[in-house]
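These notes concern the structure reproduced below.
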Amino acid sequence: MTHSPSGNPGPVAPSVPELHRSLSDLAHVLGSARTHARLRAQSGVPIDRASLTLLRALAAASAPMPMGDLADILMVRASHVSRQMRSLKEEGLVTTVREPGDDHRVRRISITEDGRDLVSRMETTGQRWLTDALADFTPDELHTTAAVIKRIADAHRDGDGELG
């Protein structure tokens, strides 16, 4: 049985399968090892995809984040964040501070200026590639596309996109 966007059983609009395939293809291309290697080479940033994802989340945060919150945002296990943080801390890309209060096991993570610079260089390189790829799009097409993708990502991130 299929579900409509409202979650009620019903037929799926014919454009939904096409959009799903297109978004899946885009996610695959953008998340591929080949794409990441090309962006790394062009930006001069020697960092793996998982570490970059973590640094991007920290760069977007307005304050140091508890590891558990970061894991929730990235939809990964806290142990994964812990492992990545140790490596990034050794490289001087993040710092950790103990949580104020009684529970000294809880640590907050923040990105360093070197970490921000690394993210900025990768973002600039990725944006140059995307600008070239979207050269024939109108501003209205770009705005609509960005709005649709954001709504879909937000729905899944917030749990509204769960199956069932």
At what distance, to the nearest 0.5 angstrom, does [atom1] of [X] lie from [atom2] of [Y]?
| X | Y | atom1 | atom2 | result |
| --- | --- | --- | --- | --- |
| S32 | R49 | OG | CZ | 7.0 Å |
| L88 | I111 | CG | CD1 | 8.5 Å |
| W129 | R38 | CH2 | CZ | 6.5 Å |
| L55 | L93 | CG | CG | 5.5 Å |
| H156 | M75 | NE2 | CE | 9.5 Å |
| I47 | M122 | CD1 | CE | 8.0 Å |

In the structure I gave you, are the side-chain heavy atoms of [X] and [Y] within less than 4.5 Å of one another anywhere?
| X | Y | result |
| --- | --- | --- |
| V45 | L39 | no |
| M85 | L58 | yes |
| I152 | L19 | yes |

State whether the side chain of [X] and the backbone N or O of [Y] hold a donor-acceptor pair below 3.5 Å, judged by distance alone.
| X | Y | value |
| --- | --- | --- |
| S43 | R121 | no |
| T35 | V29 | yes |
| S22 | E18 | yes |

Atom CZ of R151 with >12 non-hydrogen neighbours under 6.0 angstrom: no
With sequence neighbours excluded, tell me which residues meet salt bridge (Lys or Arg N to Asp or Glu O under 4.0 Å) with [X].
| X | result |
| --- | --- |
| E91 | none |
| R40 | none |
| R86 | none |
| D114 | none |

What is the minimum heavy-atom distance between [X] and [Y], and which atoms define it?
| X | Y | answer |
| --- | --- | --- |
| R108 | P64 | NH1-O, 3.1 Å |
| D48 | H36 | C-NE2, 3.5 Å |
| S82 | M67 | OG-SD, 3.5 Å |
| A57 | L70 | CB-CD1, 3.6 Å |
| R116 | A59 | NH1-O, 3.2 Å |

All side-chain contact (heavy atoms from CB on, under 4.5 Å) counterparts of L134, not counting sequence neighbours: L130, F137, L142
Pairwise salt bridge (charged side-chain N to carboxylate O under 4.0 Å, His left out) hits with a residue in residues 123-148, at least two apart: R56-E123
Salt-bridge present (D25, R21; N to O < 4.0 Å): no
Chi angles and distances behind the side chain to side chain donor-acceptor pair (under 3.5 Å) call for T112, T95: CA-CA 7 Å; T112 65; T95 59; over 6 Å; no
I73 and M65: CA distance, side-chain angles, deciding distance, side chain to side chain contact (heavy atoms under 4.5 Å, CB included) verdict: CA-CA 10 Å; I73 288 169; M65 298 179 68; 3.0 Å; yes
